[in-house]
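In what follows, a single structure is set out as structure tokens and then discussed.
Just so we're on the same page: letters track the sequence lines, and every chain starts at 1.
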Amino acid sequence: VIKGIRHFLSAHRRVPVRREILSLISVGIALLIAGALLTSFQYWLLRDSLRQDLSVQARIVGDHVQAALAFQDKKAAEEILVALRASESIAASTILDTDGNVFAHYEQKADGATPVPALRAARPRREEMQVEHVIDYRGTRLGTIRLTASLHQTYIRLAVFVAATLVTLAMSMILAKLLVSGTHKNVKRAEERLDYLAHFDPITNLYNRHAFNERLDFAIERSQRFGSRVALLLLDLDNFKTVNDTLGHQAGDVLLKTVAQRLLLKLRRGDTTCRLGGDEFAVILENIPDGHQAEVVAQKLVECIAAPFKLDSQEAFVTASCGIGLFPEHADSAANLIRNTDIAMYHAKEAGKNIAAMFRGEMNKKAARRIDIEGGLRLALERDELELYFQPKMDFRRKRLMGAEALLRWRHPEHGFIGPAEFIPVAEDCGLIIPIGAWVLRTACMQAAAWNREGRDAIGMSVNVSALQIKDPEFISIVADALSLSALPPHRLELELTESILMEDVQSSLVMLRRLRGLGVHLSIDDFGTGFSSMSYLKRFPINTLKIDQSFVADLPADKENAGISQAIIALAHTLNLKTVAEGVETASQAEFLSSSGCDYLQGYLFSPPLPASQFTKWWDKGEYIAS
Amino acid sequence: MVNSRALARWLAFALLAGTADGAHSQSATEAELKAAYLFNFALFVEWPQGGPPTFTICQHGTDTLGAGALALARRTLHGKAITVRNVADNQFAGCDVLYISSSEKSRIRALTSSLRGMNVLTVSDAPGAARDGATIGLSVEGKKIVFEVNIAEARKSNLVISAKLLDLARSVLDPP
């Protein structure tokens, strides 16, 4: 994995060496220009101060030499000029009379020899500077003093300055380079980090969803170019949430890491393994010869995950469902391949988990219908497409109607009548079961209250409750609202729950059931005996009724086993002081057997199929309770 | 076409040069040189404020300045035009500088005494003139002109002599 990351990063790294050199060169040029400007300024300053020095000295010497000049005392003038020896910058000094003729001259020789009066060219040489000052006394012009200074000293000072500037520049450059390369290093490191975060899942070190999309696009591009085949495997852990909830997130992360390691062990070097998020993994297999090969790999992966996981000295069991999709067989694009493989994966989950399923065309239709149902269901409540049917619950011995079970029906504007077995799971998946369930409760309660108000015998109303509703903290108030809105006495409402719902989370179910009982509502366990009921819990749950599943009612009384089971359930219920209801009663002999066995109430086509409210009323009012 | 000032300069230079090479007649050169010196003495001496708008140089005795007097008359000093006069005894009023010829050597003391308090700079080329009471005494020494300054006389005449001039003097006398 590490090698893969390095490879990935080195491929993505843009070497910024040239950029660095360019920026250093530009910094260097800028510094050189600054240095040149500083040097010129310094040169100007040095010249100017030299000129000022010369000017001052010319003035001083001029003042001293006034009388000597006036009286043509050459000796005195030269003595005064000799004093300029102290100034090392002055190369020569000349005193001119008013006619411009040399009156006295002094030249500072390098060997410090005595002054040599000599005529000098009036024009200064290149490395010299001349300053002239008019000598006058009380308005009378006496002559001119001309000082000639060598720029030698100035040049030496300038050279020192340039050297210092260059050293400073060099040091600045080194500093700049260090800073720049330091910044570059940091930027590079940050880029690498960002690259890693952008393409890798930090928990498992596998590629993340973003990298997966890129890789899948590449794979499909290559497949299109070379006519090869790509297989996409989508793996979803079946019960990862349970591990996370019971052992904690850290254990969950360890589990994900272990899954990643197991997957990598089973795969070839060229395969791409990704974690798409949560408990979803994806594997891209390139150059797969046929679908069978992909199935073999998928099967291996599913099997390797099914082996027990050791987490914190505990053993955890996790399985995976795997969908397989092939390009180009199953899709014409990456997006479709992901969608169809996802459909195959859901199919694998529905087909019992811990298996791999290859995508098939009809899955797509099924999935499309499911999407259709989900879309339609969202509108069904608004469009009033839902309807309640009612099936009577009879006291067989007394030939009396005791209650009705409310059953939901949906008339889809395009697909026609859709059975609850199809749309209820969809409603549960997308959470629509909450508003739909509330509507069912309200409508059923109103109907029961309406019948009661019309002067008939008061009957009970049974409503089925799904797992999601029981988990909904608002459910208790939804029930209370339905009761208060309809003014139905609470004991007339019976909520039917499946035992699998209750067993899923016994503690919180117990709390909810007690609160519902607190409202006065009756509770019944639907499909009793079909799940893995625990007798001890049965005792603790505050229920009123057990419902005998129609699978036990079928073929009664001839089927001895079913007869025994129904009798046992009835006996158990009576021992626990519970009522019993048998559903799916279709024949008189079934009814006779159950009734004589002590079953309290019966429900089934023997009496009536589920009917819309108006027909139910008619059937009730007719009083012919047994179907002919 | 040479203007007067340039001519004066040329003359002064010719005179000075003449002292060196002796191309001109001795007397003419010396007279011009003395006139130039006289101008320079006056330049480095300060008179009390005020006085007439002209600067008057008077000559007493034989004409020592000669052509030099002409050159002097063309110049200005301390912002005043220079006039040169030959004066007889007791005609010294109005003189700023009195040049006493060596012909009057014996009368120097008397003359300077009579001029005390009149702000007159007395200059003479008589030998030992400064010792005799002239403020500045001139003498020719080889090819050069040297001078002595009697600072006490200057004080008595309310004149201030520049230290620069004193620096060039052969000697500075300050008799009690």
Side-chain angles (χ1 to χ4, degrees), chain A residues 55-86 93-106 114-120 122 132-147, chain B residues 2-3 5-20 29 32-47 55 72 74-82 123 136 138 141-149 160-170 172:
Chain A
S55 186
V56 167
Q57 290 185 36
R59 208 171 290 242
I60 291 168
V61 173
D63 281 357
H64 276 95
V65 89
Q66 280 160 344
L69 185 55
F71 289 98
Q72 299 294 309
D73 194 335
K74 227 173 212 181
K75 211 178 142 198
E78 278 167 359
E79 271 167 17
I80 291 166
L81 292 186
V82 168
L84 286 173
R85 193 173 41 201
S93 49
T94 310
I95 291 169
L96 306 162
D97 62 24
T98 47
D99 293 314
N101 300 301
V102 173
F103 167 66
H105 180 78
Y106 167 76
T114 49
V116 180
L119 275 169
R120 281 182 64 91
E132 291 197 349
H133 178 67
V134 171
I135 304 169
D136 65 355
Y137 189 76
R138 302 222 202 146
T140 297
R141 190 173 162 158
L142 299 169
T144 306
I145 179 162
R146 177 191 293 154
L147 292 184
Chain B
V2 185
N3 66 32
R5 217 175 137 181
L7 182 68
R9 274 194 206 151
W10 181 85
L11 277 173
F13 179 70
L15 289 171
L16 290 166
T19 57
T29 308
E32 305 255 349
L33 194 58
K34 280 176 181 169
Y37 264 67
L38 201 56
F39 177 85
N40 284 331
F41 290 143
L43 185 61
F44 287 93
V45 171
E46 244 179 88
W47 274 262
F55 191 82
L72 276 177
R74 290 191 185 97
R75 304 185 70 173
T76 56
L77 189 68
H78 302 314
K80 295 173 176 178
I82 297 176
V123 183
I136 298 173
L138 277 177
E141 208 169 82
K143 288 175 180 176
K144 279 183 76 181
I145 286 181
V146 295
F147 60 90
E148 288 178 317
V149 177
V160 179
I161 297 178
S162 166
K164 290 167 180 173
L165 186 60
L166 298 178
D167 279 350
L168 295 175
R170 158 67 50 87
V172 175

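Only the side chain of B:Phe147 comes within contact range of chain A, with at least one heavy atom under 4.5 Å from a heavy atom of that chain. For A:Ala76, the part lying under 4.5 angstrom from a heavy atom of chain B is the side chain only.
One finds the CG atom of A:Leu69 at 10.5 Å from the CG atom of B:Leu168 (value rounded to the nearest 0.5 Å). Atom NZ in B:Lys164 sits 5.0 Å away from atom CG in A:Asp63 (nearest 0.5 Å).
Proximity of B:Leu165 to A:Phe71: side-chain heavy atoms (C-beta onward) are separated by under 4.5 Å at one or more points. Counting heavy atoms from C-beta outward, B:Leu43 and A:Leu142 have side chains that approach closer than 4.5 Å. Considering only heavy atoms from C-beta on, A:Arg138 stays 4.5 Å or farther from B:Phe44 through its side chain.
Within 6.0 Å of the NZ atom in B:Lys80, the count of heavy atoms belonging to other residues, nucleotides or ligands exceeds 12. Within 6.0 Å of atom NE2 in A:His64, 12 or fewer heavy atoms from other residues, nucleotides or ligands are found, so the atom counts as exposed in its surroundings.
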